[in-house]
Amino acid sequence: MRGKSVQEIRREFGESDRKRDEGLGTPPDVVRCDNISYGPFGEWNLLDIYYPKDTKEPRPAIVSVHGGAWVYGTKEVYQFYCMSLARRGFTVVNFNYRLAPENKYPAALEDINQVFSFLKERACDYYVDMENLFVVGDSAGAQLASQYLTMYSAPDYAAIMNFKIPDIKIKAAALNCGLYDARRCAEFDLDEPFLEYVGDLDSEKLDKLDVMHYMNGSFPPSFIMSSYYDFLLENAKPMYEKLRSLGVESELKIYGSKDKEEIAHVFHLNSSFSEADICNDDECRFFKKHIV
């Protein structure tokens with residue numbers, strides 16, 4: 001994303017996502033509950049919940065953290081992907097969070113935390129099994145998810161970040177086409193959208209962004225995914241190796257091949273690709289292994 005302004009990212013991503021989803025609609029076997037308020041920030045704090053039509057009891061639930069370079073994205077952009085996960089037997093939570101540059105770090109993380117607080121209070125209203133929570137995140141959403149999961153699993157880091165994590169049980173995660181070493185990104189890579197998100201840097205902020213330093217063996221089991229033509233591919237293996245070094249159960253899958261340039265960054269959101277179905281099936285199988 002280097003060299004692109006926020007306006008360019010929002011315009012280009014929006015055009016691409018509209019083209020990707022053209023002609024798609026709500027599947028007849030999915031129930032959707034739209035525009036539920038989960039926090040105080042208006043449209044930034046709305047979520048949708050999807051579940052299979054025959055649902056009569058709480059289901060294992062997936063919370064999706066959308067991508068968009070920290071400056072773009074809404075639940076509407078992710079609705080068809082999230083409903084495809086619901087069709088695989090889950091209740092799925094799809095939410096807006098506050099975007100940069102209008103809202104600086106750690107606003108998005110605060111909103112993720114608020115979503116889980118909301119679910120703890122309202123799970124019974126929406127068929128959410130709080131004993132079987134899972135998280136998916138891609139691109140910037142994978143960075144946000146991995147940082148939140150570090151706070152969830154490392155109370156010392158949550159304290160440093162001044163976050164009170166609700167009493168929840170996250171069983172596993174799928175981190176897709178993501179960036180994970182936030183300190184390196186801020187300090188060395190100089191990625192413009194990320195800097196729009198984190199704002200001015202000082203030593204204290206850089207220390208808080210050193211997420212991989214605070215990860216420990218309590219981090220949830222994780223499925224790490226990327227693709228042959230993902231521009232963030234180089235980040236997948238180090239994250240996988242970091243988790244494995246901590247004793248965290250992890251899988252690493254790289255999809256696509258040299259002759260399939262279209263299987264690139266966040267390809268799993270595109271229902272027209274067979275590789276998207278394969279990837280999403282693989283991740284749901286990984287989750288189902290961890291259902292209590």
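All of these numbers come straight from a predicted model, not from anything done at the bench. Side chains are part of it too, since the values below use all heavy atoms of this structure and drop only hydrogens, waters and symmetry mates.
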Residue of the set N35, N96, N94 for which side-chain hydrogen bond (donor to acceptor under 3.5 Å, both in side chains) holds with K75: N35
May I ask you to say whether [X] pairs ionically with [Y], meaning some side-chain N is under 4.0 Å from a carboxylate O?
{"X": "E204", "Y": "K208", "result": "yes"}
{"X": "K253", "Y": "E283", "result": "no"}
{"X": "D202", "Y": "K205", "result": "no"}
{"X": "E262", "Y": "R20", "result": "no"}
{"X": "D129", "Y": "K169", "result": "no"}

Student check: side-chain heavy atoms of [X] and [Y] closer than 4.5 Å:
{"X": "E249", "Y": "F286", "result": "yes"}
{"X": "L201", "Y": "L206", "result": "yes"}
{"X": "Y148", "Y": "E110", "result": "no"}
{"X": "K53", "Y": "P28", "result": "no"}
{"X": "P220", "Y": "Y152", "result": "yes"}
{"X": "Y97", "Y": "Y38", "result": "yes"}
{"X": "F116", "Y": "V63", "result": "yes"}
{"X": "D181", "Y": "P238", "result": "no"}

Crowding at NZ, K260 (>12 non-hydrogen neighbours, <6.0 Å): no
Within the 6.0 Å centroid threshold, strictly below: F194 and W70: yes
Mutual orientation of the aromatic rings belonging to F287 and F90 [parallel < 30°, tilted 30-60°, perpendicular > 60°]: perpendicular
Residues S250 and R244: side-chain donor-acceptor under 3.5 angstrom: no
